Amino acid sequence: MSHWLLKSEPGVFSIDDLARAARKRTFWDGVRNYQARNYMRDGMRRGEQAFFYHSSCAQPGIAGVVEIVAAAVPDPTAFDPNHRHYDPNSDRAKPTWYGIEVRLKNKLARVITLEELKQHDALAGMPLLRRGNRLSVLPVGEDEWDYILALV
DNA sequence: GCCAACGTTGGC
DNA sequence: GCCAACGTTGGC
């Protein structure tokens, strides 16, 4: 079982938005980066867990844990010309973009901020903390996953 | 708002 | 295939 991290801008979709969603579920659409797509489509399996990370906000950091409740399927927003994430180069017969469905497992008692994560040598190797990383979907090592949960 | 660090695009 | 220009991400 692999572990993951999913970034979302709370101004667009926060962990509280997920908490309020029907059955606390949402389809994770709009990923338009190939490596992130590959992690979702080829890596993520139903039942695995991911950190819900708030990015581009006052307090970037890990806000909660979600469970992948459905493996990747083609992202319908890529086919919708009126959608912000429309991609004219993607077609239904051979979709380029995929999304997964997640369910909120739990919100953390506090946000584990990026600043705090950086202070732990044990986490220095995390892809999230790697210089210049901008991927919105990332793997998290098993040791790092456990370590971070123990920080709460 | 700034800017570093990318990924993508497109001319050649 | 190279690489400059451009767009985006995301911390600060």
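All chains are named by letter (A, B, ...) in the order of the sequence lines, taking the proteins before the strands, and each is independently numbered beginning at 1. Since this is a predicted model, take the numbers as computed values, not measurements.
- The residue A:S56 sits close to a base: some heavy atom pair falls under 4.0 Å.
- Looking only at distances, a side-chain donor or acceptor of A:D17 sits under 3.5 Å from a matching main-chain atom of A:S14.
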Problem - Contact state string [nucleotides 2-7 of chain B, B base, S sugar-phosphate only, - no protein heavy atom under 4.0 Å] - result: ---BBS
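- Summarising the geometry, the separation between CZ on A:R130 and P on C:dG11 is reported as 15 Å, rounded to the nearest angstrom.
- Applying the ring-ring contact (aromatic ring centres under 6.0 Å, His included) rule to pairs touching residues 133-152 of chain A yields A:H3-A:W145, A:F51-A:W145, A:H120-A:Y147, sequence neighbours excluded.
- What separates CZ of A:R32 from C1' of B:dT9 is a distance of 18 Å, to the nearest Å.
- A:L128 places its CG atom 11 Å from the C1' atom of C:dG10, with the value rounded to the nearest Å.
- Few gaps surround CD on A:Q119; more than 12 heavy atoms of other groups in view lie less than 6.0 Å from it.
- At a non-hydrogen distance threshold of 4.0 Å, A:L114, A:K118 from residues 109-126 of chain A come into contact with DNA chain C.
- Put simply, the side chain of A:K7 gets close to the backbone of A:L135: a donor and an acceptor are under 3.5 Å apart.
- Taking atom CZ on A:R37 and atom P on B:dT8, their separation rounds to 10 Å, with Å as the unit.
- Transitive grouping of hydrophobic side chains (ILVMFWY, heavy atoms separated by less than 4.5 Å) brings A:F13 and A:M40 into a common cluster.
- Less than 4.0 Å separates DNA chain C from no heavy atom of any residue of residues 82-93 of chain A.
- A donor-acceptor pair is defined here as one N or O able to donate and one able to accept, closer than 3.5 Å; no such pair exists between the side chain of A:T77 and the backbone of A:H83.
- Using a cutoff of 4.0 Å between basic side-chain nitrogens and carboxylate oxygens, A:R110 and A:E116 are scored as salt-bridged.
- Residue pairs satisfying the side chain to side chain donor-acceptor pair (under 3.5 Å) criterion with at least one member in residues 63-72 of chain A, sequence neighbours excluded, are listed as follows: A:E67-A:R103.
- At least one donor-acceptor pair under 3.5 Å links the side chain of A:R46 to the backbone N or O of A:V69.
- OP1 or OP2 of C:dT9 has not a single side-chain nitrogen or oxygen of A:K7 nearer than 4.0 Å.
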Problem - Audit row: A:F52, A:W4, ring pair (Phe, Tyr, Trp, His ring centres under 6.0 Å) steps and yes/no - result: CA-CA 9 Å; A:F52 190 114; A:W4 308 94; over 10 Å; no
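- Contacts classified as salt bridge (charged side-chain N to carboxylate O under 4.0 Å, His left out) and involving residues 27-44 of chain A (residues at least two apart or in different chains) are given here: A:R32-A:D75.
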